[in-house]
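Here the structure is laid out as structure tokens; the discussion comes afterwards.
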Amino acid sequence: MSERPVRVRFAPSPTGPLHIGGVRTALYNYLFARKNGGKMILRIEDTDSGRFVPGAEAYIIEALTWLGIEFDEGIANGAATCRQSERKPIYKKYVDQLLNDGKAYIAFDTPAELEAKRQEIANFQYDARTRGSMVNSLTLPTEEVKARIERGDNYVVRVRIEPGQDIVVNDMIRGKVVINSNILDDKVLYKSADQLPTYHLANIVDDHLMEISHVIRGEEWLPSAPLHVLLYQYLGWADTMPEFAHLPLLLKPEGNGKLSKRDGDRLGFPVFPLDWIDPKTGEKSSGYREAGYFPEAVVNFLALLGWHAGGDNEFFSMQELIEEFSLDRVSKSGAKFDYEKGKWFNHQYLMNKSAETLYPFVQEILLQHKVDAPKDKVLAAIELTKGRCTFIADFWEHIHYFFVAPTEYDEKTRQKRWKENSSEEMRALYKVLEGIEDFSIENSENIVMQWITDNGLHTGNIMNAFRLCIVGEGKGPHMFDITSLIGKEETLRRLDKAIAVLSA
RNA sequence: GGCGCAUUCGUCUAGGGGUCUAGGACGCCGCCCUCUCACGGCGGAAACCCGGGUUCGAAUCCCGGAUGCGCUACCA
């Protein structure tokens with residue numbers, strides 16, 4: 001283990017909205033950096049000009065900001081300051097170095113020609129066995145190569161892999177992974193067409209220049225890690241090569257495969273942090289924020305998909321995650337995405353919030369429904385109902401009857417709770433309630449219960465019918481919590497109306 | 001096909017040779033609380049992929065198989 005300062009990066013490609021697996025990668029990088037007193041860097045890997053999607057970069061930054069994942073470098077005024085597309089001369093320099101050192105060569109084979117080769121030869125691979133029969137600087141005379149370049153022919157630079165050597169990747173999560181160079185191909189490092197490096201080269205150069213100490217990324221990169229190790233050696237940077245940690249993948253909740261962008265709308269839950277509208281197709285993908293999730297619930301849930309603190313506790317704030325996080329407690333195998341558990345987390349976070357904290361959100365919902373109620377009444381209603389809500393948006397369903405009298409009565413509840421003598425009993429209850437001066441929870445409950453006892457009535461029958469009259473359906477907090485909040489006048493009004501409607 | 005990684009309840013996982021008749025959580029089921037719905041409490045069903053080996057002893061170590069996933073682009 002080196003003693004150098006911890007510096008990690010999150011390096012997304014701006015090809016669309018950041019999906020939840022990417023968010024988790026960013027989160028683990030962030031936790032690792034904070035835990036070890038290191039720096040977190042954002043780098044935009046936009047070396048594929050063809051797949052660039054406008055707005056994607058801003059989306060990534062907004063999403064991570066929402067979740068509380070902060071960057072120490074690479075971001076200023078809300079925009080990324082490190083984009084690979086803006087570093088062309090830097091990569092060119094190292095491409096030339098590799099070329100001069102004979103670690104790479106120029107190839108003129110066109111994509112169409114390569115495609116033809118693949119059709120022609122099964123398992124065709126551009127490598128030590130085949131490069132001698134291809135069109136490149138190894139097979140062409142020097143003048144010809146020069147002439148072609150001057151003529152403006154497009155070419156690529158390929159890494160020259162020497163066969164027959166074992167390449168060792170030390171992975172912090174998986175241990176030692178050995179791969180023989182025979183199976184590696186001469187990957188393209190640079191394209192003359194857009195003068196941009198490919199991922200592999202840009203990645204190594206930037207990680208080196210930015211003094212990245214740990215590369216924490218998805219497992220899909222493990223197969224190319226040997227190439228990266230080789231590039232560090234070719235460039236002469238082997239001694240400062242970062243440590244690698246390849247994270248297990250996030251899998252589809254059902255069936256097989258990696259969680260993908262399409263799964264969200266197919267399965268009916270978000271796989272993106274924020275809503276996203278595709279600029280080309282106009283297609284909308286839903287996000288956690290708009291679905292009503294709290295960022296801290298998403299972070300908590302995501303952190304536990306592939307990592308475990310060891311004890312029985314499952315609730316962690318960002319600060320606690322930072323304190324507890326460790327790469328050697330990251331799982332090796334992929335985790336299926338369990339949306340139900342995500343909802344449960346949100347429910348827990350919502351229940352644990354104070355009515356005061358929830359107030360602005362609920363107030364907005366009430367306003368949308370044209371309800372203007374005093375704050376203390378809203379706070380009380382929130383306190384009584386928050387245990388029933390998973391999302392903020394659920395509040396209206398559970399809170400509306402505190403502010404709006406029922407206009408209709410749930411048919412099922414009516415059949416079950418409205419008995420033959422209910423009208424009569426409710427009329428009697430009306431009289432009792434009318435006579436109560438102090439309409440507080442305790443007092444009204446005492447009086448009504450005493451009345452029930454004295455007259456040999458059935459508590460369940462009375463209360464359930466009463467609930468149907470006041471709420472309109474068979475749910476909600478205890479009746480006197482509701483009636484004392486809506487007040488005597490409103491209680492009597494609702495009761496009167498309900499008796500008329502339900503007796504008809 | 002080739003190469004790599006992985007494999008404990010349906011799902012997320014604890015477990016790093018004996019304390020495992022395998023623990024927790026989500027979901028599911030039952031009971032309690034109760035005027036209903038929730039919340040909460042209690043309880044239940046539910047797993048070490050298979051086969052060899054190492055060992056006095058294996059969920060834990062090794063090998064093989066099976067299965068899953070990933071990669072195999074002038075994409076990241």
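A, B, ... follow the sequence lines: proteins, then strands. Residue 1 opens every chain.
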Contact class for His398(A) vs. all strands (heavy atom < 4.0 Å): base, sugar-phosphate, or nothing?
nothing
From C12(B), U36(B), C69(B), nucleotide with atom closest to Lys336(A) side chain
C12(B)
Out of C26(B), G24(B), A76(B), which nucleotide sits closest to the side chain of Tyr199(A)?
A76(B)
Distance below 4.0 Å between Thr47(A) side-chain N/O and C75(B) OP1 or OP2:
no
At under 4.0 Å between heavy atoms, what does Gly306(A) touch on the DNA or RNA strands: base, sugar-phosphate, or nothing?
sugar-phosphate
Scan Val188(A) against the nucleic acid and name what it touches under 4.0 Å (heavy atoms): base, sugar-phosphate only, or nothing.
sugar-phosphate
Just call it for Asn123(A): base, sugar-phosphate, or nothing, with non-hydrogen atoms closer than 4.0 Å on any strand.
base
Check this for me: does the side-chain of Lys187(A) come within 3.5 Å of the base of A73(B) through a donor and an acceptor?
no
Which nucleotide sits closest to the side chain of Trp221(A): A76(B), C12(B), A14(B)?
A76(B)
Between Asp185(A) and Lys187(A), is the closest basic N to carboxylate O distance under 4.0 Å?
yes
Is there a Watson-Crick or G-U wobble partner for G68(B) with both distances under 3.5 Å, and which nucleotide is it?
C5(B)
Which part of the nucleic acid, if any, lies within reach of Arg118(A) when heavy atoms closer than 4.0 Å are counted: base, sugar-phosphate only, or nothing?
sugar-phosphate
A45(B) -> Watson-Crick or G-U wobble partner, both distances under 3.5 Å, gives none
Using a heavy-atom cut-off of 4.0 Å across all strands, would you classify Arg51(A) as base, sugar-phosphate, or nothing?
base
Measure from the side-chain N and O atoms of Ser331(A) to the backbone N and O of Ser333(A), and report whether any donor-acceptor pair falls under 3.5 Å.
no
Between the side chains of Lys475(A) and Glu397(A), is the shortest nitrogen-to-carboxylate-oxygen separation below 4.0 Å, so that they form an ion pair?
yes
Under 4.0 angstrom, heavy atoms only, what part of the nucleic acid is Val471(A) near: base, sugar-phosphate, or nothing?
nothing
Whole-Å distance, Asn464(A) CG to C35(B) C1', equals 5 Å
Is the closest side-chain heavy-atom distance between Asp127(A) and Leu184(A) below 4.5 Å?
no
For Ala335(A), report the nucleic acid contact type (base, sugar-phosphate, nothing); a contact means any heavy atom under 4.0 Å.
sugar-phosphate
Over all strands shown, is Pro248(A) touching base, sugar-phosphate only, or nothing at heavy-atom distances under 4.0 angstrom?
nothing
N/O (side chain, Arg158(A)) to phosphate O (OP1/OP2, C74(B)) under 4.0 Å:
yes
Counting heavy atoms from C-beta on, name the nucleotide in U34(B), G27(B), A14(B) closest to the side chain of Glu340(A).
G27(B)
Is the CD atom of Gln165(A) crowded by more than 12 outside heavy atoms at less than 6.0 Å?
yes
Could you give the CZ-to-C1' distance, from Phe480(A) to U34(B), as a whole number of Å?
14 Å
Is any side-chain N or O of Arg329(A) closer than 4.0 Å to OP1 or OP2 of G15(B)?
yes
Any side-chain N or O of Ser333(A) less than 4.0 Å from the OP1 or OP2 oxygen of C69(B)?
no
To the nearest angstrom, how far is His246(A) atom NE2 from G4(B) atom P?
15 Å
From CG of Asp46(A) across to C1' of C75(B) the rounded distance in Å is 13 Å
Please classify the nucleic acid contact of Asp109(A) as base, sugar-phosphate, or nothing, using heavy-atom distances under 4.0 Å.
base
Identify whether any heavy atom of Thr110(A) sits under 4.0 Å from a base atom; if not, whether one sits that close to sugar-phosphate; answer base, sugar-phosphate or nothing.
base
Between the side chains of Glu490(A) and Lys488(A), is the shortest nitrogen-to-carboxylate-oxygen separation below 4.0 Å, so that they form an ion pair?
no
